[in-house]
Amino acid sequence: MKVEKTTPQINQVYFIDKYTLVHILEGTGNIQVDFKSYDNWEDKAIFLDKGQYIKFLSEDFVVRFIYFPDEAVFRSQDVRILFKHLISLGYINFSECQDCQSFLNKTVFNTQMHNIIDISAEQWYWQNPFNATKEEYQVIFDIKEVIDTEFKNKINVQAFINHMADTTINLQHLVKEKLGISVHRLIVNKQLLESQKEVAFTNKNIQEIAYDKGFKDPAYFNRVFKNNTGQTPKEFRANFDYQNRDTFSQDLIELIQLFHQEEHALGFYADKMNLSVKALSKKVRHKMNVSLGKLIRSQLVSSAKDRLSKSESVKDVAYALGFKEVNNFSSFFTNHVGTSPSHYKK
């Protein structure tokens with residue numbers, strides 16, 4: 001097992017080529033994994049599969065990457081639940097897992113590297129995010145593996161069902177009930193994700209990507225891509241800005257960090273960036289895959305947690321963060337954190 005502690009560069013794409021546990025030690029703001037942004041990463045251990053990527057949309061992160069060799073990870077099928085993500089980010093609630101904390105807080109890691117994997121898998125099953133039995137999870141992840149292997153081959157749902165015919169479980173019903181989406185949508189999601197990666201990170205022409213990822217023709221690919229991302233493939237490539245890495249994201253994050261305690265309005269940040277609110281909101285959505293309002297709210301929540309953890313009173317925190325009424329701050333905090341400021345202090 002290899003462990004690497006680093007301060008990641010803002011907006012840089014970190015490609016994952018080994019099974020990896022990302023342990024965020026310090027930092028505020030959003031992270032992005034496979035074109036989805038997340039702001040509720042605190043107290044979580046994030047597991048990433050080969051072929052994924054992660055970006056940090058703030059410059060104050062301190063992160064520990066823990067890399068696992070293949071043989072340490074897949075000693076059993078249970079481990080798939082950590083690395084083979086279904087519809088969102090794969091993680092465990094670090095704060096709820098004392099064994100995980102004990103392992104990760106050690107200066108020298110246990111040579112039995114699979115221990116943290118086993119502990120984390122037990123924690124994930126305990127969290128049970130999709131409210132399924134272990135048998136149902138294994139069937140769902142069997143489905144996921146077939147999709148990951150066959151999505152390029154224009155596989156349809158019936159062909160898929162036939163491929164999995166040796167199970168007595170109704171696959172379509174199981175996936176819909178537990179994941180909230182259809183088998184067809186899982187296939188399309190996989191096609192789109194891999195297409196987005198090709199569009200963003202390669203110079204392949206759009207037609208080549210369309211055919212390679214199992215779409216019947218480039219026109220249909222363009223239509224599906226825009227319907228799901230809000231941009232054509234060419235626009236998506238230009239806005240993701242993988243090679244040039246312009247300073248837009250960093251400039252905006254720095255503005256929010258500097259002024260969020262006094263200024264909550266979108267118009268203030270639009271003026272500072274010399275754009276209209278509509279233009280700035282659109283650019284943020286395209287470049288960072290998150291809303292401008294959510295970036296501001298995330299920074300407010302982060303600052304509130306920091307102040308509350310330093311024993312500042314709820315009233316003082318509310319006024320320091322620009323809320324005119326303590327009740328408004330309490331409602332805001334409870335809505336976004338899931339617990340009241342006073343309970344969080346305790």
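Keep in mind that the numbers below use all heavy atoms, side chains included, and drop hydrogens, waters and symmetry copies. Note that the structure is predicted; figures quoted are calculated from it, not measured.
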Checklist entry - Other than Val62, which residues form its hydrophobic cluster under the rule that side-chain heavy atoms must be closer than 4.5 Å? => result Leu25

Checklist outcome for this item: Closest non-hydrogen contact found for Leu171 with Val183 is O-CG2, 4.3 Å

Checklist entry - Do the rings of Trp124 and Phe130 sit parallel, tilted or perpendicular, given the 30° and 60° boundaries? => result tilted

Next on the checklist: So Leu292 and Leu252, do their side chains get closer than 4.5 Å, heavy atoms only?
Outcome noted: yes

Checklist entry - Can you check whether Lys190 reaches Glu194 side chain to side chain, under 4.5 Å on heavy atoms? => result yes

Next on the checklist: Do Leu192 and Tyr211 sit in one hydrophobic cluster, given that two such residues count as connected whenever their side-chain heavy atoms are within less than 4.5 Å of each other, even indirectly?
Outcome noted: no

Checklist entry - Can you name the ring-ring contact (aromatic ring centres under 6.0 Å, His included) partners of His264, sequence neighbours left out? => result Phe323

Next on the checklist: Could you check whether any side-chain N or O of His260 sits under 3.5 Å from a backbone N or O of Gln257, counting only pairs where one atom can act as donor and the other as acceptor?
Outcome noted: yes

Checklist entry - Any chance the side chains of Asp49 and Gln52 put a donor and an acceptor closer than 3.5 Å? => result no

Checklist entry - Do the side-chain N and O atoms of Asp78 and Tyr137 include a donor-acceptor pair separated by under 3.5 angstrom? => result no

Checklist entry - What is the distance from atom CD1 of Ile46 to atom CZ of Phe65, rounded to the nearest 0.5 Å? => result 9.5 Å

Next on the checklist: Minimum heavy-atom separation for Ala45 and Leu21, please, with both atom names.
Outcome noted: CB-CD2, 4.1 Å

Checklist entry - Is Lys213 positioned over the aromatic face of Phe225, cation under 6.0 angstrom from the ring centre and no more than 45 degrees off axis? => result no

Item to check | Any donor-acceptor N or O pair under 3.5 Å, side chains Lys178, Asn131 | outcome: no

Item to check | Where Ala304 and Val317 come nearest, the two heavy atoms and their spacing | outcome: CA-CG1, 4.1 Å

Return a table of donor-acceptor pairs under 3.5 angstrom between the side chains of residues 325-336 and protein atoms on other chains or two or more places apart.
{"from": "Ser330", "atom 1": "OG", "to": "Val326", "atom 2": "O", "distance (Å)": "3.2"}
{"from": "Ser331", "atom 1": "OG", "to": "Asn327", "atom 2": "O", "distance (Å)": "3.0"}
{"from": "Thr334", "atom 1": "OG1", "to": "Ser330", "atom 2": "O", "distance (Å)": "2.7"}

Checklist entry - Strictly by modelled atom types, are Asn227 and Arg223 linked by a side-chain donor-acceptor pair under 3.5 Å? => result no

Checklist entry - Linking I/L/V/M/F/W/Y whenever any side-chain heavy atoms sit under 4.5 Å apart, do Trp126 and Ile119 land together? => result no

Checklist outcome for this item: The reported gap from CZ in Phe236 to NZ in Lys226 (rounded to nearest 0.5 angstrom) is 14.0 Å

Checklist entry - Quick one: does Tyr14's side chain have a donor or acceptor within less than 3.5 Å of a partner on Gln9's backbone? => result yes

Item to check | Donor-acceptor under 3.5 Å (Asn170 side chain, Leu174 main chain) | outcome: no

Checklist entry - Would Arg80 and Asp142 pass as an ion pair if we require N to O under 4.0 Å? => result yes

Checklist entry - Between Tyr91 and Tyr38, is the ring centre distance below 6.0 Å? => result no

Item to check | Side chains of Tyr19 and Phe47 in contact at under 4.5 Å (non-hydrogen atoms) | outcome: no

Checklist entry - Are Ile209 and Pro233 side-chain neighbours, meaning at least one heavy-atom pair lies under 4.5 Å? => result no

Checklist entry - Is the backbone of Gln299 close enough, under 3.5 Å, to the side chain of Ser303 for a donor and an acceptor to pair up by distance? => result yes

Checklist entry - Is it the case that more than 12 heavy atoms not belonging to Lys204 sit under 6.0 Å from its NZ atom? => result yes

Checklist entry - Which atom names give the shortest non-hydrogen contact between Leu86 and Leu186, and what distance separates them? => result O-CD2, 4.1 Å

Checklist entry - Do side-chain atoms of Asp212 reach the backbone of Glu208 as a donor and acceptor pair under 3.5 angstrom? => result no

Item to check | Crowding at NZ, Lys234 (>12 non-hydrogen neighbours, <6.0 Å) | outcome: no

Checklist entry - Does anything in residues 305-316 pair up under salt bridge (Lys or Arg N to Asp or Glu O under 4.0 Å), and if so which pairs, sequence neighbours excluded? => result Glu42-Lys305, Asp306-Lys310, Arg307-Glu312

Next on the checklist: Using the ring-ring contact (aromatic ring centres under 6.0 Å, His included) criterion, which residues pair with Phe215? Sequence neighbours excluded.
Outcome noted: Phe221

Next on the checklist: With heavy-atom distances below 4.5 Å as the criterion, would you say the side chains of Phe61 and Ile31 are in contact?
Outcome noted: yes

Next on the checklist: For Gln231 and Arg237, which I'm curious about, is there any donor-acceptor pair between the side chains at under 3.5 Å?
Outcome noted: no

Checklist entry - CZ of Phe248 to CG of Asn11: how many Å apart, nearest 0.5 Å? => result 10.0 Å

Checklist entry - What's the shortest heavy-atom distance between Leu57 and Ser37, and which atoms? => result CD1-OG, 4.2 Å

Checklist entry - Hey, any chance Val139 and Ile87 share a hydrophobic cluster, counting ILVMFWY side chains that come within less than 4.5 Å of each other, even indirectly? => result yes

Checklist entry - According to the salt bridge (Lys or Arg N to Asp or Glu O under 4.0 Å) rule, which pairs have a member within residues 14-35, sequence neighbours left out? => result Asp34-Lys197

Item to check | Distance under 6.0 Å and angle within 45° of ring axis: Lys84 vs Phe141 | outcome: no

Checklist entry - Considering residues, nucleotides and ligands other than Glu135, do more than 12 of their heavy atoms fall under 6.0 Å from its CD? => result no

